[in-house]
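A short write-up of the structure that comes next.
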Amino acid sequence: MSTLYLLNKPFHTLCQFTDERHEGEPRKTLAPLIAVPNVYPAGRLDYDSEGLLLLTDDGALAHRITHPSQKLTKTYWVQVEGARDDDALQRLRHGVTLKDGPTRPAKVRRIETPDVPERVPPVRFRASIPTHWLEITISEGRNRQVRRMTAHVGLPTLRLIRVAIGPWTLEGIAPGEWRKETVHLPQQAASSSPNRQKRGIRQRPS
């Protein structure tokens, strides 16, 4: 058995426990949000993105979650700028070519404005330009991939919330809060994956 922590990461929060490379006032980190020793993120979520982040102290579980061979899907609610465009959605569904190569086809559909708390600070609106929401599911993990994909088809991202990673969802977790789940890792996967990783592990502050 392994323990997994599901955290709803707020906007403008680093996906790490310290801000060692920033000059001036430190940025917000995970440290005040989850006071659990020896855990680290299994995967990343951009500083300016919100939503589901998985953390664990089990290297085998982290490997299983993040390794490309597992092809875990990630689902996002994305507020984009611009009028509704069926052609843009079709291009995303077929895959688009970014600077680092073509993307896999994405699952994309329009959704009504989701029932989520207002972002702090709020998204800046321009009265002359409409916005709408998409649900986008991908099976890759490139840097800022969803933002680059929507920009490529002429729909810049204004707000991005990750709501699911594989079978784990954000449901019932408010921004800045977390819940704990027990995961039963298959014996073969546990034995073939790397041992419990020490890199990036933090200790509880004294």
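If you read the sequence from its start, that first residue is 1, and numbering goes on from there. What you are looking at is a predicted structure, and each value in this text was computed from that prediction instead of being measured.
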What do the steps show when you test Thr3 against Asp58 for side chain to side chain contact (heavy atoms under 4.5 Å, CB included), and what is the final call?
CA-CA 8 Å; Thr3 302; Asp58 189 324; over 6 Å; no
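- Of the possible polar contacts, none joining the Thr29 side chain to the Leu14 backbone as a donor-acceptor pair under 3.5 Å is found.
- For the pair Arg148 (side chain) and Asn143 (backbone), a donor-acceptor distance under 3.5 Å is present.
- Taking 4.0 Å as the cut-off between side-chain N and carboxylate O, Asp48 and Arg144 count as a salt-bridged pair.
- With hydrophobic clusters built from ILVMFWY side chains whose heavy atoms lie under 4.5 angstrom apart, Val78 does not share a cluster with Trp133.
- Residue pairs satisfying the ring-ring contact (aromatic ring centres under 6.0 Å, His included) criterion with at least one member in residues 65-124, sequence neighbours excluded, are listed as follows: His63-His67.
- Note that CD of Glu50 and OG1 of Thr13 are 9.0 Å apart. Values are rounded to the nearest 0.5 Å.
- Under the 4.5 Å side-chain criterion, counting only non-hydrogen atoms from C-beta, Val146 is not in contact with Ser49.
- For the pair Leu52 and Trp168, the tightest heavy-atom approach, listed with the atom from each and the gap, is CD2-O, 3.3 Å.
- Hydrophobic clustering (ILVMFWY, side-chain heavy atoms < 4.5 Å, transitive): Leu134 and Val163 are in distinct clusters.
- The hydrophobic clustering, which links ILVMFWY residues whose side-chain heavy atoms are closer than 4.5 Å, places Ile136 and Ile111 apart.
- Thr56 has its side chain out of reach of Val183: every pair of non-hydrogen atoms, C-beta onward, lies at least 4.5 Å apart.
- Side-chain N or O atoms of Lys9 include none that pairs as donor or acceptor with a backbone N or O of Leu30 at under 3.5 Å.
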Walk me through it: do Met149 and Leu98 pass the test side chain to side chain contact (heavy atoms under 4.5 Å, CB included)?
CA-CA 7 Å; Met149 289 171 64; Leu98 305 176; 4.2 Å; yes
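- Connection of Leu72 to Leu61 is established within a shared hydrophobic cluster, with ILVMFWY side chains joined at heavy-atom distances below 4.5 Å, either directly or through further cluster members.
- With hydrogens and angles disregarded, a donor-acceptor distance shorter than 3.5 Å links the side chain of Thr66 to the backbone of Ala62.
- Atoms NE2 and OG1, on His132 and Thr113 in that order, are 10.5 Å from each other to the nearest 0.5 Å.
- Between Arg109 atom CZ and Leu92 atom CG the span is 15.0 Å, to the nearest 0.5 Å.
- Of the possible donor and acceptor atoms, none in the side chain of Asn38 sits under 3.5 Å from a partner among the backbone N and O of Asp57.
- Pairing each heavy atom of Thr157 with each of Thr150, the nearest pair is OG1-OG1, 2.7 Å.
- Remark: Ile173 engages Leu6, Asn8, Glu177, Arg179 in a side-chain contact (heavy atoms from CB on, under 4.5 Å) (not counting sequence neighbours).
- At least one donor-acceptor pair closer than 3.5 Å links the side chain of Arg44 to the backbone N or O of Cys15.
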Any chance you could lay out the side chain to side chain contact (heavy atoms under 4.5 Å, CB included) test for Trp178 and Val36, step after step, and finish with the verdict?
CA-CA 11 Å; Trp178 56 271; Val36 178; 4.0 Å; yes
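- Considering only heavy atoms from C-beta on, Ile161 stays 4.5 Å or farther from Pro114 through its side chain.
- A donor-acceptor pair shorter than 3.5 Å can be found between the side chains of Arg93 and Gln90.
- Side-chain N or O atoms of Arg119 include none that pairs as donor or acceptor with a backbone N or O of Arg159 at under 3.5 Å.
- Between Arg104 and Lys71, the closest side-chain pair of non-hydrogen atoms falls below 4.5 Å.
- Residues Pro130 and Ser128 come closest through the heavy atom pair CD-O, 4.0 Å.
- Residues Arg110 and Leu89 are in side-chain contact: their nearest non-hydrogen atoms beyond the backbone lie under 4.5 Å apart.
- The distance from atom NZ of Lys28 to atom CZ of Phe11, rounded to the nearest 0.5 Å, is 9.5 Å.
- In this structure, CD on Gln79 lies 5.0 Å from CG on Leu158, to the nearest 0.5 angstrom.
- In plain terms, the two heavy atoms of Ile138 and Ala106 that are nearest each other are CG2-CB, 4.0 Å.
- Closest approach of Thr18 and Gln16 over heavy atoms only: O-NE2, 2.7 Å.
- Pairing each heavy atom of His152 with each of Arg91, the nearest pair is O-NH2, 3.7 Å.
- In this structure the side chain of Gln70 never reaches within 4.5 angstrom of the side chain of Ile65, judged on heavy atoms.
- In this pair, Tyr47 and His12 present their aromatic rings parallel. The plane angle is below 30°, not in the 30 to 60° band.
- Taking OG1 from Thr75 and NZ from Lys107, the interatomic distance works out to 8.0 Å, rounded to the nearest 0.5 Å.
- For the residue pair Thr137 and Thr73, no side-chain donor N or O sits within less than 3.5 Å of a side-chain acceptor on the partner.
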